[in-house]
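Order of the sequence lines fixes the chain letters, A, B, ..., with proteins taken first and strands second; residue numbering starts at 1 for each chain.
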Amino acid sequence: MTTQTDNPPAPSDERRSWLRDHSELGVCVLLLALGVLVLTDALTMDVDITQRGPVGPKTVPVVVGIGLLVVAALLAVDVLRGGRGQAETGEDVDLSEPADWRTVLLLTGVFLGTAILIEPLGFPVAGALLFWGAAFALGSRRVDRDPLIAAVLSLVTYAVFNNLLGVPLPGGPLMGVL
Amino acid sequence: MDALNSLMDGFGTALTPVNLLWAALGVLLGTAIGVLPGIGPAMAVALLLPVTYGLNPVAAFIMFAGIYYGAMFGGSTTSILLNTPGESAAVVAAMEGNPMAKAGRGAQALAAAAIGHFAGGLIGTILLVALAPTVADLAVDIGAPDYFAIMVLAFIAVTSVLGSSRIRGLASLLIGLTIGLVGLDQMTGQQRLTFGSLQLADGVDVVIVAVGLFAIGEALWVAAHLRRTPGEPIPVGRPWLGRADVRRTWKSWLRGPLIGFPFGAIPAGGAEIPTFLSYVTEKRLSKHKDEFGKGAIEGVAGPESAASASAAGTLVSMLTLGLPTTAVAAVMLAAFQQYGIQPGPLLFEREPELVWGLIASLFVGMVLLLALNLPLAPVWAKLLRIPRPYLYAGILFFAAVGAYAVGGEVVDLVILLVIGLIGFGMRRYGLPVLPAVIGVILGPNAEQQLRRALQISDGSVKGLVNTPFAVTVYVVIVLLLAWPLLKRLVVRPRADA
C-alpha cells in the first residue's frame with residue numbers, strides 16, 4: 001500500500017483514512033456500474049427476426065454483465081478482508097512517495113488540448129505542442145532545447161508517416177505555407 | 001523435409017533487399033526501444049502498430065519479429081547496467097548481471113546475455129521450424145467448437161496463471177470483453193453499447209486499446225510516481241568473454257532453451273517462469289554455487305537464453321493456433337487482425353510466404369542482433385541516460401500519432417486517453433493489463449465461434465464438446481482451475497518426505 005500514513009489517526013480523520021485505505025472499493029463501484037450498464041444495454045436491446053440460431057446478440061453481453069457484477073462483489077469482499085492490489089513497479093517508478101496528481105492532470109490536459117488543436121493547427125504544430133507540453137509537465141524546463149526537440153520530432157514524424165509510409169496526417173496551415 | 005523446403009522459400013522472401021532492410025530496421029528499433037528504460041517489448045510493438053497501415057503484411061511482420069527479438073536483447077542491457085528491471089522476465093538478469101557490472105565485469109555480463117539470447121533464439125526458432133508445421137497439420141481440421149475452447153483456455157490461462165490475484169485478473173478480462181462488445185454485432189448487425197453514436201458503431205479499434213493500455217496507461221502511471229533521481233547506469237566497455245567464462249557458460253546457453261521453449265508455447269505467462277526455473281537449474285548445477293547472488297555468469301547466460309527461446313515458443317502457439325500466450329503475442333495478433341489475417345492452422349496453407357518469410361527473418365534478425373549488440377553495447381548503454389521527461393513525452397507523442405493514424409478521427413484520441421486512464425487505474429490497483437487486451441482481441445472472435453458452434457448443433461450445448469480436441473482443451477482448463485488445490489495435495493506429501 002502506498003497511501004498508509006505513519007501518525008496514528010485522530011478520531012475525525014479516522015473515517016477519511018479508512019476510506020483511503022479502502023480506496024480500492026472504488027474499483028468495485030466502477031465494475032458494478034459497468035456491469036449495470038452492460039446489462040441494461042443488453043436487456044433493452046430489441047432482438048427481432050434478425051436472430052439466427054439459438055444464441056443471439058444478447059447472450060454474451062448478459063453473461064459479461066453478470067460476470068462484472070459477480071466480480072465487483074467478490075473484489076469488495078476481498079478488499080474488506082484486507083486484500084490489496086499490488087501497485088505496479090517499474091524502472092522509473094518510485095512508490096515510496098505519494099502519487100503526484102498534478103503531473104497526471106497536466107498531462108491529461110495537454111493530451112486533450114492536442115486532440116482539440118490537431119485539426120485546426122495541423123499535426124506538426126499540435127504534435128510539437130504535445131511533446132513540449134508533456135515534457136514541461138514532467139519537469140523539464142529547458143526553454144532553449146525543449147521546443148527545438150519537439151519541433152524536429154514532430155516534423156520528422158509527419159514527413160515519415162505522411163510522405164514515406166503513406167499514412168495521411170493533417171498538415172494544417174503551416175504545411176500549406178511551406 | 002517439407003518444412004526445410006518451405007524455410008528455404010522463406011529465406012528467399014526474407015533476404016530480398018527490401019525485406020532485409022525492414023528486418024534491420026526492426027532490429028535497430030527493437031534494441032533501442034528495449035534499452036530505453038520503461039518500455040517493454042509489448043509497448044514497443046503496440047507503439048509501432050500504426051506503421052502497419054503503410055506496409056504490406058510480409059514487411060510488417062518481418063519488422064515486428066525484429067522488434068520483438070531486439071527488445072528482448074535490449075532489455076537485458078537495462079537490467080544489467082541499471083538494476084531496476086521493468087518487467088518480471090528481466091528480474092533474473094538483474095540478479096546476477098548487476099552484481100557483475102558493479103564488480104567491473106559488466107562487459108562479460110552483457111556478452112553472456114547477448115550470446116545467450118542468440119543461442120536461445122536460434123535453438124528456439126529451429127524448434128519452431130520443426131514443430132509448427134506438425135502442430136498446424138494436427139490442428140487443421142479444427143472447427144468452431146475447438147476454436148472456442150482454445151479461446152476459453154486463453155481467457156482462463158491469462159487470468160489464473162498470471163499475477164497474484166485471480167479475481168483482479170478476471171476483473172481485467174471482463175473490462176476487456178466489455179470494450180470488445182462495443183459496436184455492431186458481427187452476426188446480426190445489432191448495435192451494442194454504442195449509445196446511438198455513429199463513431200462507436202465500428203467498435204473500438206484494437207490498436208487504440210493496445211496503445212492506450214500499454215503506452216498511455218504506463219506513461220501516466222510512471223508520471224505519477226516518477227523517481228526524482230533516475231538510477232545511474234554503470235559505465236561499461238565492449239562486451240567480450242574470456243576462455244574461462246565461455247567454459248562456464250556454454251552449457252547454460254544450451255540448457256536455457258530446453259526450459260524456455262516449452263513454457264513459451266503454453267499459456268503460462270511467457271518468459272517469467274522459465275527464466276526463473278533456468279536460474280534455479282543453473283545454480284544447482286554450477287560448480288561456483290558460492291558466486292550466485294554476487295555475480296555468477298551462468299545465472300545470466302542460462303535465463304537469457306531461456307527468455308529468447310520462450311519467445312520462439314510463443315510464436316508456435318500464436319501462428320498455429322492463434323493463441324497468444326504473452327502480451328507481445330497479443331499485440332501481434334492484433335496486427336494480424338488489422339490485415340484481416342486469422343492466425344491458426346490454415347495460416348501455413350494460406351499465407352506460406354508470410355509465415356515462412358517471418359520465420360526465416362527471425363534467423364536473419366538474430367544474426368543482425370548479435371552483430372549489433374556485441375560491438376555497439378556501449379553506444380546502446382548511452383540511451384539509459386535519456387532525460388525521463390523526454391522519454392515519457394515521446395511515448396505520449398507516438399501514442400497520439402498511432403491512434404490518430406487509425407482513422408484520422410479526433411474522437412479516437414479521446415477514446416485513447418480514456419482507455420489510458422483505465423490503464424492507469426488498473427496499474428494503481430494491481431489489475432493486470434494483459435487479460436484486458438486478450439479480452440478485447442479474442443472476445444468478439446470467441447463469441448462468433450461460440451454462436452457458430454451452437455448454430456451447427458442447433459442450440460445443443462453438446463455442440464461445444466463434440467470433438468476430442470475440444471474435450472482435451474476443456475480438461476486442461478479444469479486442471480488449470482484446480483491447480484491451486486492440486487498443488488496443495490502434491491506439495492504437502494513432498495514436504496513431509
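- Between chain B and the residues A:Val63, A:Ile116, A:Leu37, the most heavy-atom pairs under 4.5 angstrom are made by A:Leu37.
- You'll find the side chain of B:Arg388 stays beyond 4.5 Å of the side chain of A:Leu138, heavy atoms only.
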Q: With side chain to side chain donor-acceptor pair (under 3.5 Å) as the test, would you mind laying out the steps for B:Tyr390 and A:Arg145 before giving the verdict?
A: CA-CA 11 Å; B:Tyr390 292 161; A:Arg145 201 171 62 178; 3.1 Å; yes
Anything under 3.5 Å between a donor and an acceptor, one on a side chain of residues 148-168 of chain A, the other on a protein residue two or more places apart or in another chain? List them.
from: A:Ser154; atom 1: OG; to: A:Pro124; atom 2: O; distance (Å): 2.8
from: A:Ser154; atom 1: OG; to: A:Ala128; atom 2: N; distance (Å): 3.2
from: A:Thr157; atom 1: OG1; to: A:Leu153; atom 2: O; distance (Å): 2.6
from: A:Tyr158; atom 1: OH; to: A:Asn162; atom 2: ND2; distance (Å): 3.2
from: A:Asn162; atom 1: OD1; to: A:Leu169; atom 2: N; distance (Å): 3.1

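- Taking every heavy atom of both residues into account, A:Ala115 and B:Val410 meet most closely at O-CG1, 3.2 Å.
- Residues A:Asp78 and B:Arg168 meet the side-chain proximity criterion, which asks for heavy atoms closer than 4.5 Å.
- Taking the six-membered ring where the residue is Trp, A:Phe123 and B:Phe397 present tilted rings, their angle falling between 30° and 60°.
- Heavy atoms from other residues, nucleotides or ligands lying under 6.0 Å from CH2 of B:Trp221 number more than 12.
- A:Phe131 CZ to B:Phe398 CZ: the interatomic distance, rounded to the nearest 0.5 Å, is 8.5 Å.
- Between A:Arg142 and B:Pro387 the shortest side-chain heavy-atom distance does not fall below 4.5 Å.
- Within the 4.5 angstrom heavy-atom criterion, no atom of A:Val77 approaches chain B.
- Summarising the geometry, atom OG belonging to A:Ser140 is positioned 12.5 Å from atom CG belonging to B:Leu391; distances are rounded to the nearest 0.5 Å.
- Distance CZ/A:Phe111 to CG/B:Leu416: 4.5 Å, rounded to 0.5 Å.
- Contact record, B:Ala224 with A:Val104: CB-CG2, 3.5 Å, taken as the closest heavy-atom pair.
- Closest heavy-atom contact between B:Pro389 and A:Gly139: CG-C, 4.5 Å.
- Interface remark: A:Ile118 contributes side-chain atoms only to the contact with chain B (heavy atom separation under 4.5 Å).
- Interface residue B:Gln191: only backbone heavy atoms are found under 4.5 Å from chain A.
- The number of heavy-atom neighbours closer than 6.0 Å to CZ of A:Phe136, taken from other residues, nucleotides and ligands shown, is 12 or below.
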Q: Could you give me the CA-CA distance, side-chain angles and deciding distance for B:Leu226 and A:Thr103, then say whether side-chain contact (heavy atoms from CB on, under 4.5 Å) is met?
A: CA-CA 10 Å; B:Leu226 192 59; A:Thr103 309; over 6 Å; no
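- For the set B:Leu450, B:Ile456, B:Leu417, B:Leu421, the entry with the most heavy-atom pairs within less than 4.5 Å of chain A is B:Leu417.
- With a threshold of 4.5 angstrom between heavy atoms, A:Asp41 approaches chain B through side-chain atoms but not through N, CA, C or O.
- Only the side chain of A:Glu119 comes within less than 4.5 Å of a heavy atom in chain B; its backbone stays farther off.
- Within the 4.5 angstrom heavy-atom criterion, atoms from both the backbone and the side chain of A:Leu75 approach chain B.
- For chain A, the nearby part of B:Leu181 is the side chain; its heavy atoms alone come within less than 4.5 Å.
- Contact annotation for A:Val38: both backbone and side-chain heavy atoms come within less than 4.5 Å of a heavy atom of chain B.
- Heavy atoms of B:Leu173 lying under 4.5 Å from chain A are absent altogether.
- The contact between A:Thr108 and chain B is made by backbone and side chain atoms together, counting heavy-atom distances below 4.5 Å.
- When the shell of 6.0 Å around CZ of A:Arg81 is examined, it contains 12 or fewer heavy atoms from other residues, nucleotides or ligands.
- Rounding to the nearest 0.5 Å gives a distance of 7.5 Å between CZ of B:Arg428 and CD of A:Glu24.
- B:Leu413 CG to A:Leu112 CG: the interatomic distance, rounded to the nearest 0.5 Å, is 9.5 Å.
- Taking CG of A:Leu31 as the start and CG of B:Leu431 as the end, the distance is 7.0 Å to the nearest 0.5 Å.
- Proximity to chain A is limited to the side chain of B:Ile216, based on heavy atoms less than 4.5 angstrom apart.
- Distance alone, capped at 3.5 Å, is enough to place a donor-acceptor pair between the B:Arg192 side chain and the A:Pro57 backbone.
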